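Written out below as C-alpha cells is the structure these notes cover.
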Amino acid sequence: MSRRHPGNHTIPDNPHWIEFPRTDGSTAHLPKNTTKIVDSEGQVNYMRPVAMDESLAIMWRVAVGTAMAARMNMPKGPNYVLKSFPKGYQLYDHNKGPVNAPRHDPYLCGSINVNRFRSTNEFIPHAIWLMTDDSLNRANCQCKYCTKQPQRIISDTMGLSARRSASAAGGLPSTVSRAPRKPRERRQDRVATKPFAAVRRAPKPLPVGPQQYIAPERDLDVRSSFALEEGHRPRRYRKGELLWYHLDPPIRGRSPEEDITYWPGIVDEAHIKTNALPTGSADGDVDMTPLYAEAADADSVPSGPNEIPLEAPGSVPWRIEQWYIYKVKLLGAACSVFVAEEQVLPYLAYAPSDQVITHVQEELANHLQTVSIDEMDRDIESHMFSYDPMQPEPAGDAYYEKYKRAVAPYTLAIQIASNVAHYWLPTDEWDCKFQVPPRSPVASTSSDPPPQPQPQSQSQPQNATLHSVIEQSLTKNAISPASIAGPNGSVTEPESISMLGRVPRSALPQTVVQTRFQGLWWGTERIWTGELVRLKIARAQFAPKGTDIIYPPAGPSARTLEWYKKNHPDMLEGGEDSIGAGQRGLFLRLEGLVVVDVPTPDGSSTKECRASGMLYEVVDEDWEDPRTSQAVPADAKGKGKARESPDVTMTDSISQGSSFMSQASPLKPPPLPNPDPTVPVSETASSILSQTSPAAAAAAATEAAAPATEQKSRLHSHPVLFTPYPLPPASTSYKFRPILPDGYEVVISLSLISGRYYPGLLRHPLLESTIKQALATKDELSHRHLWALDGLSPGVHQSMDPRYWKGSRLVMFQDADKEARDRFKELWEETKMARLHSQPEPSGGARERLDELWEEAKIAQVHPHPETGEGAHAAMEVD
C-alpha cells in the first residue's frame, strides 16, 4: 500500500510573494541519499528533491505563507505565497518501501538548528521567527524543536489547524464507513502558578516527641547510598524507580546512530553480592600461615593441627568486595534482567537521540503496515508484546529483523516511562506537634511592597503577611483548630522569593499538629527526607546579593581566580562572580514535607505540598570565607557562620573517605554489641552507636554538644530513632556550603525540586564517552544538562517536572501502562482500518497520532531550552 501526496495544487491568482530576509539554512545540512537505488529485496529508501513548481511544494508555500500573514497581522485580501524557501532549504519527498508502491513523506531540510520539518505546522513558527528576529536568537523561536514542546500544544496555542497536514494523504472514499473514534479523555493541565519560597526560623517541636518510627525502607535506602569505603559500593537505585538498562550488544539499526542502546525498566529488587579476594598470593590461594603464627605468639594455640583460630590478632589475608545486583523489569516486554550498577543509568542521565527517535518512528509506521493483523490484535489484547530485547539477533543481513520487531514494544516502553515521569506522591506520613512562638522582628529584604491584608474583624486585628499565611495553613491541619487564632482574610502571596516581613504577633504561642511525610515519589525517582536534592534555580537567583539571614553567593577561591587570570582572563570580564558559586546549582537538604492550605484570590483555598530544609551552594574545595568575624577553627574547612551545625563534622568525614557504616553489609548488619555495664543507662544508646556506626556517632556527639533546647528541637522534628545522615560528597574539587544561619530553614514549593543527587554519577563508565565529548566541545551551553546532574549548572537544565498526583506507586504504573496502551491501540486501529480497505492513510490519521505519541514521550525526557529554560517553572530572584 502506498502513501501518496495530494496533487493538483496551483499558485493562486495575483499572489503576494513573501521573501525571507534571513536564514539559518546551509546546504551542508541537506541529505545525501538522493539517488534512487533498488536493493536486493526490491526496496527503495532515498530523498527526492521536490521542485518549486511541483504540487507538493506549492501546497507548502501556500499553506505557510497564508499562516504567516495571518499571525504577522499582514493586510487581509492578498493571496500570500512563499516566493521560495529560506536560502539553504530544500523540500524532499522521502520514498521508502517497495519500489512499485513506496511510502511518501515530505521533509523540509537545511536548517542548521533543526534536522528536518515534517509538516507545514511544524515549519510555520520557525518561518515566523526567521522573518521577525534580526538576531536569530533561538530563544525567540516558538517551533517544537526550539521550545522542546509537543506540536499539539504549539498548534493549539497558535490556532493552527490539525485536521489537515502536508504529510497526510487524501481521505478515505465516502463509501468506506468508519466507526467514530471515541475521544480520549485528556488530563487537565496544571494551572501555572508562581513557585513559592521563603526563609523562616525552624519551628520548635514540643517536649513530647512523635509517636511514629522512621520508615525502615527510608533508613536503608539513605544509609546504603553512603557505603563509600573501599570495597563497599553505594546503592544508587531504589525499588520502584525507573532507569535505563544498557543493551550489550545494542539492537542494531542501519547505522550506529540508529541503534537502540538503552531500554527503560523498573527496579524490582536489589540484592547485595559479596566476594572475598586473596591478598599477597601469586597463585590466588589464601596463605593462612600468618594467622597461625600470630595466634601462637598470643598463646592461643589451636587445639588441633588443622583447626583454624577463630580470633587471631592482625589483618586477615583477604579483602572483601561488595556490590549490588538489581532485578530490573523491562517496560513493554515480557522479561526481567539482573544487572550491576555499571549497566544502568538514572532516568535523567539519558534520552534517546533525535536520530533514534526519527528512525524508530519511520520503522514503526512501516511495521504497522506489514505486521500480521491477527498477531498485532493478539499482542494488544493480551497487553503484552512477545518480544525479548535480550534475544540474539539473527545472523547475516537478517539482523535488522530484530530491530523492526523492537520498534513497537520500544515505543510503548518509552511512552509508559514518560507517563510515570509526570506523577508524584508524598508517602509515609507522621504527625509533628510543635509550637509557633512569638516571632522576633526580621527586616524585610524584598523590594516588593508588603502584601495588603484584607479587612479584619475586631476580634482578629492581627495583620496578614506571608508568614501568617503559612502559619494559618499549618493550623488548619491541627487536631484542635478551634483553639488557634489566625487571619481570616484572603492574602495574595508576593510575586518573588522574599523574606518574612516585620509584623506584630500575638504573645501566646500556637500549638500545631502537622501531618508530615518521610518520602516522596517524584516522577521516576524515590526521594527521602534527610537527603540532599537538586533544585531548579541557580544560586544567583536566590538572594544574589545576600540578606541579613542569607549569605551572598561565594566567589571563586584564590587558586581558581589566579588560574582564570592566567589562562582565561576573558572569563573575568563579567566580574569574579561569573566564575563563583552563583552560576552553579542550588541544593536542599530535605528536612520536611508537608501539605498546606494556600488562599486563592477568590477567597477559597487550595492544597499545596511544600518542602523545607537547609540550602547549600557548591563552592571551590579550597574556598575560604572572607568574613573574618565568622572564622572557624583551623582544623575545619571554612564554610561560613552556618557551619556550626552538625553538618560540618558529617561532611568532612565523608570527604576524607571515612565510612558512614562500619558493618560489612547494610542488608545484613552484625548483631548489636552487649552494653558496657560501666556506662550509664542514659548513655547506652550513644555507646552502642559509636561501635556500630562511627560517622553517625560523630554526628550524635556534635548534637550532644548543642544546647539542650536545640537537641530536643532536632530530635522531635523527626520520627523516633532518627539519626542525622551525613552530607554526600560534592563533585570533584568542590564542597557544599550552607547559605542560611543555623536555626533557619527555607520553605519552597515542590515544583522547584529537580530530582535526586547522585554523587559521582559523571564518573559512571556508561557516561565516559559523553563526558569526554562534552569536555572537548567549546559549546558549553549544549551540555549544561550533564553538569546539572552534578550541581555544576542549575538543575532546571535536567529536571523532573511531575504534574499529576496519584494514590500509590502501583496506581502510577497501572495508569501509565493503560494510557500508553490505549494510545497505541488507537494508533493501530487507524492503521488497521486503512489496511483492511486498501486505502492510503486518512487525513489527520495514524501519522499524526504517531507523531503526537512520540512528542509527548520526548517532552518528559529532554532538557529544557538551552537559552530560556522553558519546560520548567521559571524561578525568581530575591532582591
Side-chain angles (χ1 to χ4, degrees), residues 197 199 202 497 530-561 575-591 612-656 698-699 702 724-746 748 752 754 757 759-760 787-795 878:
V199 175
I497 300 177
E531 64 179 345
L532 212 62
V533 296
R534 299 180 299 113
L535 299 185
K536 293 178 180 176
I537 57 178
R539 172 63 181 93
Q541 291 177 285
F542 194 92
K545 302 300 182 182
T547 71
D548 56 340
I549 56 175
I550 302 179
Y551 305 146
S557 66
R559 185 179 63 176
T560 300
L561 183 59
E576 296 181 5
D577 292 342
S578 62
I579 59 173
Q583 306 305 314
R584 304 184 189 115
L586 196 60
F587 289 80
L588 171 71
R589 183 166 190 157
L590 187 59
E591 295 291 348
S612 63
M614 175 60 73
L615 287 175
Y616 292 85
E617 65 182 5
V618 181
V619 301
D620 295 333
E621 188 175 30
D622 55 347
W623 177 86
E624 296 182 359
D625 196 330
R627 297 171 298 175
T628 57
S629 60
Q630 298 179 357
V632 295
D635 59 344
K637 294 183 178 180
K639 295 188 181 180
K641 176 181 177 181
R643 294 304 292 167
E644 299 170 359
S645 68
D647 296 333
V648 175
T649 302
M650 293 184 290
T651 307
D652 292 346
S653 67
I654 288 297
S655 63
Q656 296 169 2
T702 307
Y725 303 114
L727 283 176
S731 184
T732 304
S733 301
Y734 296 95
K735 63 184 178 182
F736 292 117
R737 174 214 182 197
I739 67 173
L740 305 177
D742 193 22
Y744 284 85
E745 67 178 7
V746 69
I748 63 172
L752 290 177
S754 286
Y757 168 57
W787 315 136
L789 294 172
D790 231 18
L792 303 183
S793 65
V878 177

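Bear in mind the structure is a predicted one, so any value in this text is a computation, not a measurement.
Applying the side chain to side chain donor-acceptor pair (under 3.5 Å) test to R534 and every residue at least two apart in sequence or in another chain returns nothing. Listed by chain and residue number, nothing satisfies the side chain to side chain donor-acceptor pair (under 3.5 Å) test with S733 (two or more places apart in sequence, or in another chain). Annotation: side chain to side chain donor-acceptor pair (under 3.5 Å) contacts of D790 (sequence neighbours excluded): S731. For the side chain to side chain contact (heavy atoms under 4.5 Å, CB included) test, residues two or more places apart in sequence or in another chain that qualify with D620 are P556, S557, T560, R584, D622, W623, Y734. The side chain to side chain donor-acceptor pair (under 3.5 Å) test applied to E531 returns R238, not counting sequence neighbours. With sequence neighbours excluded, the residues satisfying ring-ring contact (aromatic ring centres under 6.0 Å, His included) with Y757 are F587, F736.
The minimum heavy-atom distance linking P729 with P759 is given by the pair O-CB, 4.0 Å. Between L740 and I550, the shortest heavy-atom contact is CD2-CG1, 3.7 Å. A538 approaches G582 most closely through the heavy-atom pair CB-O, 4.0 Å. The minimum heavy-atom distance between A788 and G795, with the atom names listed, is CB-CA, 4.2 Å. Of all the heavy atoms in Q583 and P794, the pair that sits closest is O-CD, 3.7 Å.
Contact of the S754 side chain with the K536 side chain is registered, since non-hydrogen atoms from C-beta on lie closer than 4.5 Å. Contact annotation: the side chain of L532 never approaches that of L588 to less than 4.5 Å [non-hydrogen atoms, C-beta and beyond]. I739 is listed as a side-chain neighbour of F542, based on a closest heavy-atom distance under 4.5 Å. Considering only heavy atoms from C-beta on, I748 comes within 4.5 Å of L535 through its side chain.
Look at R737 and E617 and you find a salt bridge, because one of the NZ, NE, NH1 or NH2 atoms lies within 4.0 Å of a carboxylate O, short of that distance.
Taking CG from L615 and CZ from R539, the interatomic distance works out to 8.0 Å, rounded to the nearest 0.5 Å.
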